[in-house]
Amino acid sequence: MKCKECKYCHYGGTGLAGGYKCRHPKLEECAEKYEKKTNKRMTKACWYIGFKLIKTSLRYCPYKMEENENEV
């Protein structure tokens, strides 16, 4: 699923605090799973997408994680 089509992707804030954010309830849980799986630590807030909307979804998107679990 693309962030553009997701109901949890919202634009909020102004100035430096502004930008697109993901408000999915399981986002933090999926971000932790992604960190453990790849042995990499994320340096930005997991809910922050960016000032511009990205073309695809986040690597740790809950919808993407569910699809990967179903494939296995």
Side-chain angles (χ1 to χ4, degrees):
M1 172 175 271
K2 297 181 181 180
C3 287
K4 181 168 76 173
E5 301 165 355
C6 184
K7 65 180 179 181
Y8 293 107
C9 180
H10 298 282
Y11 187 87
T14 58
L16 291 176
Y20 287 95
K21 298 170 176 98
C22 181
R23 297 182 181 165
H24 196 282
K26 293 185 178 181
L27 184 70
E28 290 184 24
E29 179 184 325
C30 290
E32 288 177 16
K33 284 182 185 177
Y34 176 77
E35 283 182 337
K36 289 178 184 176
K37 186 173 111 178
T38 59
N39 291 325
K40 293 182 180 178
R41 184 164 168 91
M42 290 189 291
T43 57
K44 67 174 190 172
C46 64
W47 45 265
Y48 185 73
I49 297 173
F51 290 112
K52 295 181 181 178
L53 195 56
I54 55 178
K55 293 180 182 178
T56 59
S57 63
L58 298 169
R59 286 181 230 131
Y60 46 89
C61 174
Y63 291 119
K64 189 184 270 188
M65 297 289 272
E66 287 175 7
E67 289 176 9
N68 290 343
E69 288 175 1
N70 291 337
E71 289 177 3
V72 174

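If you're wondering where the values come from, they're calculated on a predicted model, not measured in any experiment. Reckoned from all heavy atoms, side chains included, excluding hydrogens, waters and symmetry mates.
One finds the SG atom of C9 at 8.0 Å from the CD1 atom of I54 (value rounded to the nearest 0.5 Å). Within the model, atoms CG of L27 and CE of M65 stand 10.0 Å from one another, a figure rounded to the nearest 0.5 Å.
Residues that satisfy the side chain to side chain donor-acceptor pair (under 3.5 Å) test with R23, not counting sequence neighbours, are absent from this structure. K4 is linked by a side-chain contact (heavy atoms from CB on, under 4.5 Å) to L53, counting only residues two or more places apart in sequence or in another chain. Contacts of K2 classified as side-chain contact (heavy atoms from CB on, under 4.5 Å), with partners at least two apart in sequence or in another chain: E5. Residues forming a side-chain contact (heavy atoms from CB on, under 4.5 Å) with E32 (at least two apart in sequence, or on another chain): none. Remark: Y48 engages no residue in a ring-ring contact (aromatic ring centres under 6.0 Å, His included) (not counting sequence neighbours).
Note: the hydrophobic cluster containing Y20 does not contain L16 (ILVMFWY, side chain heavy atoms under 4.5 Å, direct or indirect links).
For residues 43-63, there are no salt bridge (charged side-chain N to carboxylate O under 4.0 Å, His left out) pairs, not counting sequence neighbours.
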Applying side chain to side chain contact (heavy atoms under 4.5 Å, CB included), run through C6 and Y63 and close with a yes or a no. CA-CA 9 Å; C6 184; Y63 291 119; 3.7 Å; yes
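Between K21 and G12 the shortest heavy-atom distance is NZ-O, 3.1 Å. In terms of heavy-atom proximity, K26 sits nearest to H24 at N-ND1, 3.0 Å. Considering all non-hydrogen atoms of both residues, C22 and I49 come closest at N-CD1, 4.0 Å. For the pair A31 and C46, the tightest heavy-atom approach, listed with the atom from each and the gap, is CB-CB, 3.8 Å.
Counting heavy-atom neighbours within 6.0 Å of E28 CD, excluding the residue itself, gives a total of 12 or less.
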